[in-house]
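Report on the following structure.
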Protein chains: 2
Amino acid sequence: MTSTQGEFALLDETWSSVTPPAARRMLIAAAAAFSVRGYHATTTRDIAAQAGMSPAAVYIHYRSKEELLFQISRIGHGTSLSVLTAVSEDDPAARLAAAVRAFASWHAEFHTTARVVQYELSALTPEHLAEVVELRRRIEAAVRGMVEDGVAAGVFDVPDVRGATLAVLSLCIDVARWYQPSGRRTPAEIGDLYADLVLRMVGTAGR
Amino acid sequence: MTSTQGEFALLDETWSSVTPPAARRMLIAAAAAFSVRGYHATTTRDIAAQAGMSPAAVYIHYRSKEELLFQISRIGHGTSLSVLTAVSEDDPAARLAAAVRAFASWHAEFHTTARVVQYELSALTPEHLAEVVELRRRIEAAVRGMVEDGVAAGVFDVPDVRGATLAVLSLCIDVARWYQPSGRRTPAEIGDLYADLVLRMVGTAGR
DNA sequence: CTCCATACTAAGCGGTTGCTTAGATCTAAG
DNA sequence: CTTAGATCTAAGCAACCGCTTAGTATGGAG
């Protein structure tokens, strides 16, 4: 697997649950377009053209343009939550570091999806937004739990748990805004850098 | 000056250089609309209505909708650069802390303007974007200079200066995304929290 | 073969968009 | 009073938007 194939191979994995293939191609085309131009600046004709189909083909698989956005947002949020909670470390510091490494590097590696996930919430219908907000609540709770565990174990020095949680999440999420594949850091390097910075923020004792 | 008048009073200061008054009202209306719905989802009729004028009145003062965006972005970037470089402290740690406090709290207090500044760059024409990118380069250089000063003085422990600079800026900028006036923290409290977290990230010796 | 469901396209409909044109109103100088 | 410039509005134009309709191609079941 070369580095240029890497993203597409993993993208296929991200969207692998979407069938039929034409519906999947449409979602991937929509995510790419929303990411670059934004939801409102992207037309259904843009999406169909990128997927190699006629404008009307969008409506065979999706009720509306907004439902395309919702599916991208729902699957993207679910994937990022999985990445965050898949860590297996026991030690609180190692656990938080691994989670931050995975979450930050995901926002770089899949910045295309991540940008839609993080910056197009206001285009969702109230019902769809509510569903996504619940996933975001679980993401926040996962990080807060890790910070609390470290404090309880006496290895973190955090005067404001909610504030620290906010900052950790914010730092990782903002990677999706500034990351460029042509930049000087790889997603893995960003993950390592951020894991170190976060451990400093939570005042890890023995480093 | 009450807290509800606070933002408007300071907003007037932000836009005080814009004349005539009708052009200023239009800019403020456009910034509010762009911030909530995004540039592409906002119509020139929305802006004119919010400013209490007819749709055609926009084009008396601005060549296009994009020029409204450019003026907001240009003035907003300039203001945030001023806020960052106005710090008067000499000690490197106190200086960086003051800059972060000011920059982060600006992104909260003026989140309306800040959101347009940070999230609508892709809607600018190439020429206008180039002008704004130069201001962003100066913002990045200002923060990097403060980090370098602390390292040179031996009070910071930073293995990766560019990486730390990136993280500090990223943390502050992302405040514009999540801040809500109805939230549990005031802009000043966010500034204090972030100043502390940043000093931890740069490994300040005597804290 | 017929039948039928699925997947797709060509054409286009009603509504909205950014922006323009023609003309009204106001202010202030001569 | 006349004139000129600046500011604003009513009306509307060409282009584009999301989405629908009508009809075609395909492939598997009976």
Side-chain angles (χ1 to χ4, degrees), chain A residues 15-73 116 120-129, chain B residues 15-73 116 120-129:
Chain A
W15 309 117
S16 62
S17 65
V18 181
T19 53
R24 176 162 57 240
R25 273 177 22 233
M26 211 86 90
L27 257 201
I28 293 170
F34 292 167
S35 172
V36 173
R37 291 176 245 187
Y39 174 78
H40 289 289
T42 300
T43 70
T44 55
R45 288 166 177 85
D46 290 338
I47 297 166
Q50 181 118 353
M53 306 180 83
S54 77
V58 172
Y59 297 90
I60 304 292
H61 302 286
Y62 300 95
R63 278 184 235 242
S64 65
K65 178 181 159 187
E66 189 273 344
E67 207 203 310
L68 269 166
L69 174 64
F70 171 59
Q71 294 303 334
I72 295 165
S73 194
V116 181
E120 301 292 353
L121 294 175
S122 71
L124 292 167
T125 63
E127 293 77 17
H128 287 163
L129 179 62
Chain B
W15 309 117
S16 62
S17 64
V18 180
T19 54
R24 175 162 59 239
R25 275 181 16 237
M26 221 127 224
L27 259 199
I28 292 169
F34 292 165
S35 172
V36 173
R37 291 176 245 186
Y39 174 78
H40 290 289
T42 301
T43 70
T44 55
R45 286 167 177 84
D46 290 337
I47 298 165
Q50 180 119 351
M53 305 180 83
S54 77
V58 172
Y59 298 90
I60 304 292
H61 302 288
Y62 301 93
R63 278 184 236 245
S64 66
K65 178 181 159 187
E66 189 274 343
E67 206 203 310
L68 269 166
L69 174 64
F70 172 59
Q71 294 302 334
I72 294 164
S73 194
V116 181
E120 301 292 353
L121 295 175
S122 70
L124 292 167
T125 63
E127 294 77 17
H128 287 162
L129 178 61

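Values reported hereafter were calculated over all heavy atoms of this structure, with side chains retained and with hydrogens, waters and symmetry mates removed. Reminder, nothing fancy here: chain letters follow the sequence lines and each chain counts from 1. Worth saying up front: this structure is predicted, and the values here are computed from it rather than measured.
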| field | Thr43(A): side-chain hydrogen bond (donor to acceptor under 3.5 Å, both in side chains) partners, not counting sequence neighbours | value | Asp46(A)

| field | Leu69(B) CG - dG18(C) P separation (whole Å) | value | 13 Å

| field | side-chain hydrogen bond (donor to acceptor under 3.5 Å, both in side chains) against Glu120(B), all qualifying residues, sequence neighbours excluded | value | none

| Residues in salt bridge (Lys or Arg N to Asp or Glu O under 4.0 Å) contact with Glu66(A), at least two apart in sequence or another chain | none

| said: What range of DNA chain D does chain A touch, first nucleotide to last, counting atoms under 4.0 Å from its heavy atoms? | reply: dC17(D) to dT20(D)

| field | Residues which pass ring-ring contact (aromatic ring centres under 6.0 Å, His included) with Tyr62(A), listed by chain and number, not counting sequence neighbours | value | none

| message | Could you tell me how far apart Tyr59(B) (OH) and dT20(C) (P) are, to the nearest whole angstrom? | response | 7 Å

Distance-only donor-acceptor hits, side chain of residues 49-60 of chain B, under 3.5 Å, sequence neighbours excluded:
none

| Going by the salt bridge (charged side-chain N to carboxylate O under 4.0 Å, His left out) test, which pairs reach into residues 47-59 of chain B, not counting sequence neighbours? | none

| remark: For residues 25-36 of chain B, the salt bridge (charged side-chain N to carboxylate O under 4.0 Å, His left out) pairs (sequence neighbours left out) are none

| remark: Looking only at heavy atoms, the pair that brings Leu121(B) and Ser73(B) closest together is CD2-OG, 4.2 Å

| said: Strictly by ring-ring contact (aromatic ring centres under 6.0 Å, His included), give each pair with a member in residues 25-58 of chain A just once, sequence neighbours left out. | reply: Phe34(A)-Tyr39(A)

| said: Can you list, in residue-number order, the parts of residues 30-49 of chain B that come under 4.0 Å of DNA chain D, counting heavy atoms only? | reply: Arg45(B)

| Whole-Å distance between dG18(C) C1' and Met26(B) CE? | 14 Å

| task | Only counting residues at least two apart or in another chain, list the ones meeting ring-ring contact (aromatic ring centres under 6.0 Å, His included) with His61(A). | result | none

I'd like a table of atom pairs between the protein and nucleotides 6-10 of chain C - only N or O on both sides, under 3.5 Å - with the distance next to each one.
| unit_1 | atom_1 | unit_2 | atom_2 | d |
| --- | --- | --- | --- | --- |
| dC8(C) | OP2 | His61(A) | NE2 | 2.7 |
| dT9(C) | OP1 | Ser54(A) | N | 3.4 |
| dT9(C) | OP2 | Ser54(A) | N | 2.9 |
| dT9(C) | OP2 | Ser54(A) | OG | 2.7 |
| dT9(C) | O5' | Ser54(A) | OG | 3.4 |

